[in-house]
Student: 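Have a look at this one before I ask anything.
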Amino acid sequence: MSQHDAVEVITAKRDRQQLTDSQIDWVIDAYTRGDVADEQMAALAMAVLLNGMNRREIGRWTAAMIASGERMDFSVLSRPTADKHSTGGVGDKVTLPLAPLVAACGVAVPQLSGRGLGHTGGTLDKLEAIPGWRAGLSNAEMLAQLDDVGAVVCAAGSGLAPADKKLYALRDVTGTVESIPLIASSIMSKKIAEGTGALVLDVKVGSGAFMKDLGAARELASTMVELGTDAGLTTVALLTDMATPLGLTAGNALEVRESVEVLAGGGPADVVELTLALAREMLAAAGTTGVDPADKLADGSAMDSWRRMIAAQGGDPEAALPTARETQVVTADADGVLTRLDALAVGRCAWLLGAGRARKEDPVQAAAGVELHAKPGDAVTAGQSLLTLHTDEADRFERALSSLAGAFDVAPAGTAYTPTPVVLDRISAP
Ligand code: URA
């Protein structure tokens, strides 16, 4: 006889009770083993979404998901380790320049990443646009690359937090993703199991993010910072703007191209600013002082690390990136100032062009996506290109274009525009 049964745990949360440690340990373990059915876990996830969990419950839920699989250990490395996790945004390619940049500053970056689902792109999908690059590494290959190059971005193996893998897939199809306790425990179980010594969280806020407002983003960030700190990781969160896309591209190969521009010392100002802000936080969290990441971008050492990181995983850093067979341009219909360009609409547009997937087994087009020619605050003239849509399949344009209805505002010339800062807030352990 088991200690608990699923209906007892579901009804407890349905009736707004706190789950006991023993109920949480049991339900996560039994679900991972297949003894709790998907429909029972879906009901529990919905009860959690509606009625919440307190900090003790979230901590225990996270620990139970970590305990469902292996925990990696990088303490044999001679360098400290730090990782970054973004809650996902449109055009968020920052991991690509950031990992080699931080490695060039002497801190190793072990980043286990995922593929994209929905309107935010996945880091692995972006890197897979590079000819030859492969996401799958064994734990031994990962360790060897961290020792040699100092940065690895690869797919999380099936042994890491398997409870989360199963639960996240279930939440995705049962309307139970948008729960702070479930998001925080999902992200932090993977990051703690990954074995990094320090963690910087980039919690996105705005239309293109999970968290549409600053209050919810603050709550998610502080929950994750507490979970990380309790697990012995130095953990800090930046809240960053996702009302408009980051940089000037959304789509896999387009974002790789822009990331290489940043590593070459150029690139859009917002991508450079966020990359440097996150790099500084990662170095500080790892206890490394006296190195300015801006110098490592300027002197080419971050670019050297990038080339080595890509080549170590079979990629050719010099190879031409794929380009789309078809393009279509969207123009401004009046003179004025672009005052809004909605991140969610651009993300959906890139997704409809083929840059993202609807189901996790769908392929993605490497070259599909959206290129921006203006950002909020820029003056525009009637007929000027605002966006270029890229795809390999011209029949995707119609739906992609319709997703841009109401996506941007052009106000009369001279209208005052107040830029939103890239970094909105910072949350660290109390
Ligand atoms: N990313 C995750 O890994 N888990 C969530 O629940 C949401 C975003």
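Each ligand, and each atom within it, is numbered from 1 in the order the structure gives.
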Student: Hey, does V177 sit under 4.0 Å from ligand 1 if you only count heavy atoms?
Tutor: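 Checking ligand 1 against V177, which is what was asked, there is no heavy-atom contact under 4.0 Å.
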Student: Would you check the N or O atoms of R171, main chain and side chain alike, for any that come under 3.5 Å of an N or O of ligand 1?
Tutor: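 The answer is yes, given that R171 and ligand 1 share an N or O pair closer than 3.5 Å.
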Student: Taking E261 first and then K93, would you say they form a salt bridge - that is, a charged N and a carboxylate O separated by under 4.0 Å?
Tutor: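 Salt bridge between E261 and K93, a charged N being under 4.0 Å from a carboxylate O: no.
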Student: Decide, yes or no, whether a salt bridge links R340 with D409 under the criterion of side-chain N to carboxylate O below 4.0 Å.
Tutor: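 A salt bridge links R340 with D409.
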Student: Is NZ or CZ of K204 both nearer than 6.0 Å to the six-membered ring centre of F210 and within 45° of the ring axis?
Tutor: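 Cation-pi check for K204 and F210: fails.
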Student: Between S186, S179, S189, A184, which one has a non-hydrogen atom sitting closest to atom 4 (N) of ligand 1?
Tutor: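 When every heavy atom of S186, S179, S189, A184 is considered, S186 comes closest to atom 4 (N) of ligand 1.
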Student: Under 4.0 Å from a heavy atom of F210: which atoms of ligand 1 are those, numbered in the order shown and with their elements?
Tutor: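 Going through ligand 1 atom by atom, the ones under 4.0 Å from F210 are 7 (C), 8 (C).
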Student: Which atoms of ligand 1 have any heavy atom of K190 under 4.0 Å away?
Tutor: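 Going through ligand 1 atom by atom, the ones under 4.0 Å from K190 are 2 (C), 3 (O), 4 (N).
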Student: Look at D425 together with R218 and state whether they make a salt bridge at an N to O cut-off of under 4.0 Å.
Tutor: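 The answer is yes: the pair qualifies as a salt bridge.
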Student: Determine whether T391 and E393 satisfy the following criterion, side chain to side chain donor-acceptor pair (under 3.5 Å), listing intermediate values before the conclusion.
Tutor: CA-CA 5 Å; T391 182; E393 296 160 323; 4.8 Å; no
Student: Could you tell me the residue and atom name of the protein heavy atom closest to atom 7 (C) of ligand 1, and the distance to it rounded to 0.1 Å?
Tutor: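 Closest protein heavy atom to atom 7 (C) of ligand 1: Y168 OH, 3.4 Å.
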